[in-house]
Amino acid sequence: MSRYFGRFPDRLDLEDIRAFQVHQVATGMSWPALNQIVCALRFFYGATLGHDAVPERIAYARKPRKLPVVLSADERSFASWKQSQA
């Protein structure tokens, strides 16, 4: 993270951390890896630096939920027709 910003991590604020998280998502990092970074950041800011308010405000990554496929009325009737033909 210090390489990304060019500053020491103890000089970064919560907005910088969020910008780093957005950057990691944009690079295509996996969700478990993102959450591992969040755990490390929470430990660093909470246990190492003693910032009480910052760790609980660092959000875990959540995998976006996909909406289910909803068929139109025409597609449903075609599917039922196709099924009756089988």
Side-chain angles (χ1 to χ4, degrees):
M1 193 160 77
S2 59
R3 279 190 221 157
Y4 179 73
F5 287 104
R7 294 182 282 172
F8 291 110
D10 61 338
R11 304 268 188 235
L12 301 175
D13 60 3
L14 191 58
E15 292 304 316
D16 293 329
I17 294 169
R18 286 189 181 143
F20 179 70
Q21 286 178 305
V22 169
H23 167 72
Q24 294 299 323
V25 170
T27 61
M29 186 172 280
S30 69
W31 297 104
L34 289 168
N35 284 325
Q36 185 177 7
I37 290 172
V38 169
C39 289
L41 289 171
R42 284 179 167 219
F43 179 81
F44 177 72
Y45 281 95
T48 306
L49 298 179
H51 296 289
D52 295 331
V54 173
E56 51 199 43
R57 295 184 66 198
I58 300 174
Y60 285 101
R62 293 192 179 129
K63 189 173 185 178
R65 295 183 184 177
K66 294 182 181 178
L67 295 175
V69 176
V70 179
L71 300 176
S72 69
D74 291 337
E75 290 170 323
R76 286 192 308 264
S77 64
F78 178 75
S80 64
W81 174 79
K82 187 82 169 171
Q83 200 172 31
S84 67
Q85 298 296 320

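Predicted, not measured: the structure shown is a model, and the values here were computed from it. Here, residue 1 is the first one in the sequence, and each next residue gets the next number.
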Solution key, residues 36-45 side-chain donor-acceptor pairs under 3.5 Å, sequence neighbours excluded:
| residue | atom | partner | partner atom | Å |
| --- | --- | --- | --- | --- |
| Arg42 | NE | Pro55 | O | 3.0 |
| Arg42 | NE | Ile58 | O | 3.0 |
| Arg42 | NH2 | Ile58 | O | 2.7 |
| Tyr45 | OH | Pro9 | O | 2.5 |

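Asp16 contributes atom CG, which lies 13.5 Å from atom NE2 of His23 (distance to the nearest 0.5 angstrom). Here OG of Ser72 is found 11.5 Å from CZ of Phe78. Values are rounded to the nearest 0.5 Å. Expressed to the nearest 0.5 Å, how far CG of Asp13 lies from CZ of Arg18 amounts to 9.5 Å.
The two residues Phe5 and Ala19 make their nearest non-hydrogen contact at CZ-CB, 4.2 Å. Between Gln24 and Leu34, the closest heavy-atom pair is CB-CD2, 3.4 Å.
Within 6.0 Å of CZ on Arg7 lie more than 12 heavy atoms contributed by other residues, nucleotides or ligands.
Checked by atom type and distance alone, the side chain of Asn35 never pairs as donor or acceptor with a backbone atom of Pro32 at under 3.5 Å.
Proximity of Ile17 to Val54: side-chain heavy atoms (C-beta onward) are separated by under 4.5 Å at one or more points.
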